[in-house]
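Numbering starts at 1 and runs along the sequence shown. All values below were derived from every heavy atom in this structure, side-chain atoms included, with hydrogens, water molecules and symmetry-related copies excluded. For ligands, and for the atoms within them, numbers begin at 1 and follow the listed sequence.
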Amino acid sequence: AHEINNPVGFVSSNLQTLKTYSKEMLELIAAYQAAEALISDRDTLAAIRDLRQSFDIEFLQEDLPALIRESEEGLLRVRNIVQDLKEFSHVSESEWQAADLNAGLDSTLNVVWNEVKYKARVNKHYGEIPPVECLAAQLNQVFMNLIVNAVQALDENDGMGTITLTTGHQDEWAWVEVKDSGRGMSEDVKRRIFEPFFTTKPIGKGTGLGMSVSYSIVHKHHGRIEVDSAPGHGSRFRVWVPVKHRAADEME
Ligand SMILES: Nc1ncnc2c1ncn2[C@@H]1O[C@H](COP(=O)(O)OP(=O)(O)OP(=O)(O)O)[C@@H](O)[C@H]1O
Ligand SMILES: [Mg+2]
């Protein structure tokens, strides 16, 4: 992320300087403008007025600060996105750590929000979950696959769809559920979703790897994925993972 953070850093520090400079220049212009009446040479005065008119200085004086303000807002948004990406991909890809799955789900949702926001309303029902020993970045990958699949299952002709994210825990297990109001799956499709390269999406749209990768990540956690779906009734995927990682089994 620092490949992005560095340029964002100098752009925003330059922007601050630019803001100061332009404020000073606008002040100076205003002072000159006030002094215009003192110019006795007709030709000079006419030339200045022509220039002022062709540059539309009044507009520029208003628009320049607005442009800078908008640029600052844009930069702030880039900053926030980088922050979410950082959280989403977590410190180290392959490290087991105690993670807050609700927070992971939230930063994952932020990462794909642009794909979600025009197509679905998102309902959240987060339960209290103890920290889960997991490969947080990889579980986030699973959540992302499920959320993207959920969005892609919605029929745009039906208007806004609904995606419901629910979490909870039971005994030694935590679970995260992604439910959609989309087209659902036939028995045939449901049976094959975990097969690598199985996709019902048009060429160029899906590689058919999302669910098979998700399966192996969840398997690595000694967890499981429950699927509940029927054509026309949406789909519900629930990922179960043990709260405590069984390190003894890691040799496989
Ligand atoms: N929420 C869902 N609703 C309906 N069908 C689904 C849903 N999730 C998965 N599927 C079905 O399972 C198939 C496989 O899903 P998977 O995520 O593995 O691949 P993909 O989404 O087609 O492509 P990719 O994820 O690689 O972009 C999908 O093509 C789709 O037919
Ligand atoms: Mg997919």
Side-chain angles (χ1 to χ4, degrees), residues 81 84-85 87-90 93-94 101-102 104-127 129 134-168 173-241:
I81 291 169
D84 281 330
L85 282 172
E87 215 140 283
F88 170 76
S89 57
H90 248 276
E93 283 280 325
S94 55
L101 294 193
N102 289 336
L105 193 56
D106 270 338
S107 59
T108 305
L109 183 64
N110 284 341
V111 168
V112 293
W113 186 242
N114 277 326
E115 285 179 61
V116 178
K117 63 180 173 191
Y118 299 116
K119 296 183 182 151
R121 255 181 295 278
V122 177
N123 296 325
K124 295 181 188 177
H125 304 287
Y126 292 178
I129 316 179
C134 63
L135 301 166
Q138 297 193 9
L139 279 190
N140 286 347
Q141 187 74 51
V142 173
F143 304 153
M144 184 169 84
N145 289 334
L146 293 178
I147 294 170
V148 170
N149 280 348
V151 173
Q152 291 175 341
L154 300 172
D155 190 340
E156 292 180 30
N157 300 324
D158 296 344
M160 289 289 264
T162 307
I163 293 176
T164 310
L165 305 177
T166 316
T167 66
W173 293 80
W175 53 269
V176 169
E177 188 179 284
V178 178
K179 198 174 104 184
D180 65 67
S181 62
R183 66 179 71 89
M185 291 179 276
S186 68
E187 283 302 319
D188 261 2
V189 169
K190 207 160 62 179
R191 208 174 308 124
R192 301 190 58 193
I193 48 174
F194 296 115
E195 279 178 29
F197 303 111
F198 173 75
T199 181
T200 57
K201 290 165 192 170
I203 299 171
K205 189 89 200 234
T207 57
L209 285 174
M211 288 309 298
S212 72
V213 168
S214 300
Y215 180 89
S216 53
I217 291 171
V218 174
H219 182 72
K220 229 188 292 187
H221 287 78
H222 305 285
R224 59 179 197 278
I225 304 179
E226 270 173 20
V227 188
D228 183 15
S229 177
H233 292 278
S235 306
R236 189 179 62 85
F237 288 83
R238 186 181 283 200
V239 177
W240 290 85
V241 284

Starting from atom 20 (P) of ligand 1, what is the nearest protein heavy atom, named by residue and atom, and what distance separates them? Lys201 NZ, 3.7 Å
What atoms in ligand 1 come closer than 4.0 Å to a heavy atom of Phe237? 1 (N), 8 (N)
Flag Thr200 as yes when one of its N or O atoms lies below 3.5 Å from any N or O atom of ligand 1, and as no otherwise. yes
For Gly206, the ligand 1 atoms whose distance to one of its heavy atoms is below 4.0 Å: 23 (O), 27 (O)
Can you name the atoms of ligand 1, numbered from 1 with element, that are less than 4.0 Å from a heavy atom of Ala153? 2 (C), 3 (N), 4 (C)
Would Arg238 and Asp228 pass as an ion pair if we require N to O under 4.0 Å? no
Scan Asp106, Thr166, Thr167, Thr164 and name whichever one has a side-chain hydrogen bond (donor to acceptor under 3.5 Å, both in side chains) with Lys124. Asp106
Close N or O approach (Leu209, ligand 1; < 3.5 Å): yes
As a check for students: among Val213, Asn149, Ile163, Val227, identify the option with a heavy atom nearest to atom 17 (O) of ligand 1. Asn149
Return the orientation label for the Trp175 and Trp240 ring planes: parallel under 30°, perpendicular over 60°, tilted otherwise. tilted
For Ala174 and Ile129 the tightest heavy-atom approach is CB-CG2, 3.5 Å
Met211 N/O/S atom closer than 2.8 Å to the Mg ion (ligand 2): no
Please state which protein non-hydrogen atom is closest to atom 14 (C) of ligand 1 and give its distance, to 0.1 Å? Phe198 O, 3.3 Å
Do Met211 and Leu146 come within less than 4.5 Å of each other through their side chains, counting heavy atoms only? yes
Please report the interatomic distance CD1(Ile193) to CE(Met185), rounded to the nearest 0.5 Å. 4.5 Å
Near Met211, which atoms of ligand 1 are under 4.0 Å from a heavy atom of that residue? 15 (O), 16 (P), 17 (O), 18 (O)
About how many Å separate CG of Asp155 and OG of Ser181, when rounded to the nearest 0.5 Å? 10.0 Å
Considering the heavy atoms of Thr199, write down every atom of ligand 1 situated less than 4.0 Å from one of them. 20 (P), 22 (O), 29 (O)
Value rounded to 0.5 Å, distance of CG in Asn145 from CD1 in Ile225: 9.0 Å
Atom CZ in Arg236, atom CG in Asp180: separation rounded to 0.5 Å? 11.5 Å
Nearest-0.5 Å distance, OH of residue Tyr126 to CG of residue Leu165: 5.0 Å
For a 4.5 angstrom cut-off between non-hydrogen side-chain atoms, does Cys134 reach Leu101? yes
Short version for Asp180: what comes under 4.0 Å of ligand 1, heavy atoms counted, is side chain
Is the number of heavy atoms from other residues, nucleotides or ligands under 6.0 Å of His233 NE2 greater than 12? no
Considering heavy atoms of the protein only, find what lies nearest to atom 12 (O) of ligand 1 and give residue, atom and distance to 0.1 Å. Ile193 CG2, 3.0 Å
Which residue holds the protein heavy atom closest to atom 23 (O) of ligand 1, what is that atom called, and what is the gap in Å? Gly208 N, 3.1 Å
Taking only non-hydrogen atoms of Gly182, do any sit less than 4.0 angstrom from ligand 1? no
Phe194 heavy atom under 4.0 Å from ligand 1: no
Is Met185 touching ligand 1 with its side chain, its backbone, both, or neither, if touching means heavy atoms under 4.0 Å apart? side chain
My understanding is that we take every heavy atom of each candidate and find the minimum distance to atom 2 (C) of ligand 1. Doing that for Pro196, Ser235, Ser214, Ser229, which one comes out nearest? Ser235
Interfacing atoms of ligand 1 (cut-off 4.0 Å, heavy-atom, Thr207): 23 (O), 24 (P), 26 (O), 27 (O)
